[in-house]
Amino acid sequence: MGGESEIFSTYEKEFATLHDTITAKIVSEIPSAATADAKKRLVNQTNRELEEADEIISQMEMELVSLPTPVREQLAPRVKSFKNDLKKSKKDLGKYALSDRDQLLGGSGGSGSHLVDMDGRGGNNGDRSRMLQGTERLQEGSRKLEEAKRRALETEGVAIETLGSLNQQREQILRTRDRLTVADGFITKSQGVLKGMQQTMMANKYLTYGIIAALMLLIIIVIYFKFIAQSSN
């Protein structure tokens, strides 16, 4: 995808690799474990991998918040699908854990049963501790997600204000451009008027020179006939 985040792609690849590992354990490695201890060890390991996968999904959700809305809408269904896959894996693994506990509780009596109960309580304490740790991580991830959402909303608000300001400036620029266009038209007309006035002034100037020349010629003719012609007679 052209607008997909590289960070999101990295998380997606990590999740896919980890989920394949989890699926392989649940489908083949745990059922075929040679001993109960080996099966328990694989179940605990798979639980830790499921917690890690949960954290990766939380990181994906936080990364989605920082992406543009169109990209976020395209990637959100994939994150939802990853959650469903992880939920199914947890459910499948839970069946093995329940089966092992039932076998332990049903296979002993008397003092042996008391030991199993003690082990069971120890196992429950371990499960409870892991659950608390997982809950704390989820709460921390939720806090980070809420903080990221808050920052995204603040950024969106600033972006909206900036966009509004830019729109106002654009309208002002457009109005100024219209005024300049009108002023340019007036200037063009004024230049035409000035040019016409200049041509009229030049014509009047030449006309004045012609009239002066005609008057001077007329004066010379009058003087000639008045003085020179009379002297000849």
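These numbers were taken from a predicted model, which means no experiment stands behind them.
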Side chain to side chain contact (heavy atoms under 4.5 Å, CB included) evaluation trace for Leu50 with Asp54: CA-CA 6 Å; Leu50 286 171; Asp54 266 330; 5.5 Å; no

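- Under a hydrophobic-cluster definition in which Ile, Leu, Val, Met, Phe, Trp and Tyr are linked whenever side-chain heavy atoms come within less than 4.5 Å, directly or via other members, Leu64 and Ile7 are assigned to the same cluster.
- Here the CD-OG distance, from Glu63 to Ser9, works out to 9.5 Å after rounding to the nearest 0.5 Å.
- Taking CG from Leu42 and CG from Leu93, the interatomic distance works out to 10.0 Å, rounded to the nearest 0.5 Å.
- The distance from the NZ atom of Lys40 to the CG atom of Asn44 is 6.5 Å, given to the nearest 0.5 Å.
- No side-chain N or O of Arg78 forms a donor-acceptor pair with one of Ser81 less than 3.5 Å apart.
- Nearest approach of Ile22 to Ser89, heavy atoms of both residues: CG2-CB, 4.1 Å.
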Practice prompt. May I have the step-by-step check of side chain to side chain contact (heavy atoms under 4.5 Å, CB included) for Asn84 and Lys88, ending in yes or no?
Written response: CA-CA 6 Å; Asn84 292 333; Lys88 182 178 181 301; over 6 Å; no

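- At least one side-chain heavy atom of Arg72 sits under 4.5 Å from a side-chain heavy atom of Thr69.
- Within a 6.0 Å sphere centred on CG of Leu180, other residues, nucleotides and ligands contribute more than 12 heavy atoms.
- Contact annotation: the side chain of Leu86 approaches that of Lys90 to within less than 4.5 Å [non-hydrogen atoms, C-beta and beyond].
- Arg177 is not listed as a side-chain neighbour of Gln172, based on a closest heavy-atom distance of 4.5 Å or more.
- Between the NZ atom of Lys195 and the CD atom of Gln198 there is a distance of 9.0 Å, given to the nearest 0.5 Å.
- Note that the CD atom of Gln59 and the CZ atom of Phe15 stand 13.5 Å from one another [nearest 0.5 Å].
- Hydrophobic clustering places Leu215 together with Leu207 (ILVMFWY residues linked when any side-chain heavy atoms are closer than 4.5 Å, directly or through intermediates).
- Taking both residues in full, the closest heavy atoms of Leu18 and Ile56 are given as CD2-CD1, 4.1 Å, listed atom of the first, atom of the second, then distance.
- Phe82 has its side chain within reach of Glu12: a pair of non-hydrogen atoms, C-beta onward, lies under 4.5 Å apart.
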(Q) Go through it in stages, so that I can follow the logic: the residues are Phe8 and Val79, the test is side chain to side chain contact (heavy atoms under 4.5 Å, CB included), and I'd like the CA-CA distance, side-chain angles, deciding distance and then a yes or no. (A) CA-CA 10 Å; Phe8 184 89; Val79 176; 3.7 Å; yes

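- Heavy-atom neighbours of Arg170 CZ from other residues, nucleotides or ligands within 6.0 Å: at or below the threshold of 12.
- A distance of 10.0 Å separates CG of Asp92 from CD1 of Ile30, quoted to the nearest 0.5 Å.
- Salt-bridge check for Glu29 with Arg41: failed, with every basic side-chain N at 4.0 Å or more from each acidic carboxylate O.
- The two residues Pro31 and Val27 make their nearest non-hydrogen contact at CG-O, 3.4 Å.
- Salt bridge annotation for Glu49-Lys25: present, with a cationic side-chain nitrogen under 4.0 angstrom from a carboxylate oxygen.
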